[in-house]
Protein chains: 2
Amino acid sequence: MSLACATCPVRDRAACSVLSEADRDTLSKSGRHVDLKRGDTLFHAGDEGNACATLLTGALKVTRIDSEGNERILALIHPAGFIGELFRPFSDYDVVALGESRLCLFGRGDMENALDQHPALARALLRRAQEDLHASRELLAMAGKNSAEEKIATLIMALAQAASDSPCHPAQRFELPLTRGEIANLLGVTIETVSRQLSKLEKTGVIVKNGSRGIEIVDPARLRFMSDLSS
Amino acid sequence: MSLACATCPVRDRAACSVLSEADRDTLSKSGRHVDLKRGDTLFHAGDEGNACATLLTGALKVTRIDSEGNERILALIHPAGFIGELFRPFSDYDVVALGESRLCLFGRGDMENALDQHPALARALLRRAQEDLHASRELLAMAGKNSAEEKIATLIMALAQAASDSPCHPAQRFELPLTRGEIANLLGVTIETVSRQLSKLEKTGVIVKNGSRGIEIVDPARLRFMSDLSS
DNA sequence: CGGTGGCTTGACGGCGCTCAATTCATGTGG
DNA sequence: CCACATGAATTGAGCGCCGTCAAGCCACCG
């Protein structure tokens with residue numbers, strides 16, 4: 001079952017884009033597509049990590065259950081992202097779809113073989129891993145901000161950026177891939193605080209809410225000022 | 001100037017440990033040792049990232065200055081850790097020594113050549129990157145905990161673990177590599193809160209303070225309970 | 001129609017931030 | 001060796017943001 005790399009929505013950005021046409025076709029023979037809907041689990045914490053995947057469309061969350069039984073969201077995965085701990089016997093996290101998502105799934109062994117045969121692929125994955133690390137540190141910086149207002153503003157900017165097709169400026173209107181509870185969890189605040197902050201942003205004319213998930217950014221400058229990103 | 005890999009303190013754990021004796025010697029010819037003392041900067045944010053390094057002894061912090069001019073600590077590097085963004089034109093973070101530290105420094109070009117010639121090295125670096133990612137997510141989980149008590153307890157456990165030579169159990173006595181201000185910064189609380197929490201831990205008989213940096217863990221079980229790590 | 005899950009809004013109290021004073025540790029010059 | 005300066009750490013007092021608890025709203029669905 002060969003994959004249609006030619007029509008892949010992330011063919012220019014995913015790790016496999018560094019391979020030649022021929023090599024990519026070879027690798028594609030060992031992969032397959034997987035479709036998930038919101039709430040579907042791709043990997044369970046504790047499973048043996050014998051698969052990895054590239055996200056084509058949709059969004060995923062990486063979570064862990066802490067000792068009190070609370071879910072903690074530790075990362076978001078966007079299209080072209082790579083998931084899979086190649087070097088641990090077990091995966092440490094749950095990976096769950098936040099919406100309709102399509103992935104390109106590979107067996108661990110196949111991927112490891114491909115890594116050995118194609119140094120360029122190893123470098124591409126290394127690059128991805130460093131980008132993930134960067135993203136995680138961004139998240140850490142966001143979680144460390146003192147006020148809830150700052151956290152929410154920063155997250156909205158980041159999600160608007162991710163929802164945009166242009167890498168340079170954020171989408172003006174978009175749908176939050178996360179519920180209030182997930183936002184709260186990610187930022188380390190409560191649902192009520194998230195809800196209040198969003199209401200305040202709407203009342204002060206910075207955003208407009210469309211239903212519970214839709215966001216329209218009315219005053220990007222002020223939003224950016226509130227989040228004051230250096231990056 | 002060849003490096004003495006044979007006596008390297010992290011020769012079994014660093015990325016280069018996957019190389020054969022001969023290959024490691026070849027790589028070592030292009031590297032050199034660097035010694036830093038507390039406060040010395042290894043990389044500046046904005047510098048062109050044309051070097052990378054493995055930490056042999058000591059500890060480093062990875063920081064960024066936010067738009068308000070406050071330092072934010074985003075990661076700690078312990079011996080055998082690898083530093084260097086191989087795929088970005090500029091480094092995004094400052095990397096500063098927390099104490100007397102020794103590193104093994106390589107030029108970016110040399111390292112990239114080595115990566116292409118030795119797939120095993122690329123895989124080792126990929127593994128390290130995933131470990132860094134894991135550590136960053138641990139930090140994120142810690143920063144997201146609600147109470148300051150939990151954060152401090154978790155950090156002390158983690159630092160005790162890092163200070164121990166045994167991978168399974170924490171050191172009973174050790175020196176904090178961080179000042180109160182750095183701890184506060186890392187955890188997203190204030191200096192005063194850190195100080196108060198440490199005093200409370202001492203008053204309740206969980207730890208004993210030796211000077212401003214020394215920590216002795218008297219009741220590891222209670223400390224672990226307070227931090228309730230699942231990992 | 002009632003039930004369910006997600007979201008919003010309000011009232012209240014506590015944890016931690018702010019501001020401020022004091023103590024401690026360290027190094028420097030007389 | 002002491003006096004002093006300097007910076008870090010500790011401790012206290014007061015207040016504000018946000019967490020907790022609770023009630024109500026909205027959309028969707030059986």
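Quick note: numbers below take in every heavy atom, side chains included, and nothing from hydrogens, waters or symmetry partners.
Closest approach of B/Leu42 and B/Leu60 over heavy atoms only: CD2-CD1, 4.4 Å. Residues A/Leu98 and A/Arg38 share a closest heavy-atom pair of O-NH1, 2.7 Å.
Distances from the side chain of B/Ser147 to the nucleotides C/dG16, D/dG19, D/dA9 place C/dG16 closest. Of all nucleotides listed (C/dT9, C/dT8, D/dT10), D/dT10 comes nearest to the side chain of B/Arg180.
Taking only side-chain nitrogens and oxygens, B/Lys209 never comes nearer than 4.0 Å to OP1 or OP2 of D/dA9. For A/Thr190, no side-chain nitrogen or oxygen approaches OP1 or OP2 of D/dT20 to under 4.0 Å. When the side-chain nitrogen and oxygen atoms of B/Arg196 are compared with OP1 and OP2 of C/dG16, none of them lie within a distance under 4.0 Å. Close to D/dG19, at under 4.0 Å from its OP1 or OP2, lies a side-chain N or O of A/Thr193. Under 4.0 angstrom from either OP1 or OP2 of D/dC26 there lies no side-chain N or O belonging to A/Ser212.
One can place CD of A/Gln197 at 16 Å from C1' of C/dG10, the figure rounded to the nearest angstrom. In this entry the distance linking NZ of A/Lys145 with P of D/dC18 reads 14 Å, nearest Å.
Checked by distance alone, B/Glu192 brings a side-chain donor or acceptor within 3.5 Å of a matching partner on the base of C/dC19.
Contact check on B/Glu138 versus A/Arg64 returns a salt bridge, with a Lys/Arg side-chain nitrogen under 4.0 Å from an Asp/Glu carboxylate oxygen. Under the 4.0 Å criterion applied to side-chain N and carboxylate O atoms, A/Arg196 and A/Glu192 are not assigned as salt-bridge partners.
Note on B/Val194: nothing from the nucleic acid sits closer than 4.0 angstrom, heavy atoms only. At a threshold of 4.0 angstrom between heavy atoms, the contacts of A/Thr179 are confined to the sugar-phosphate backbone, with no base atom among them.
Comparing B/Ile191 and A/Ala148 along DNA chain D, the residue whose closest nucleotide (by nearest heavy atom) sits nearer the 5' end is B/Ile191.
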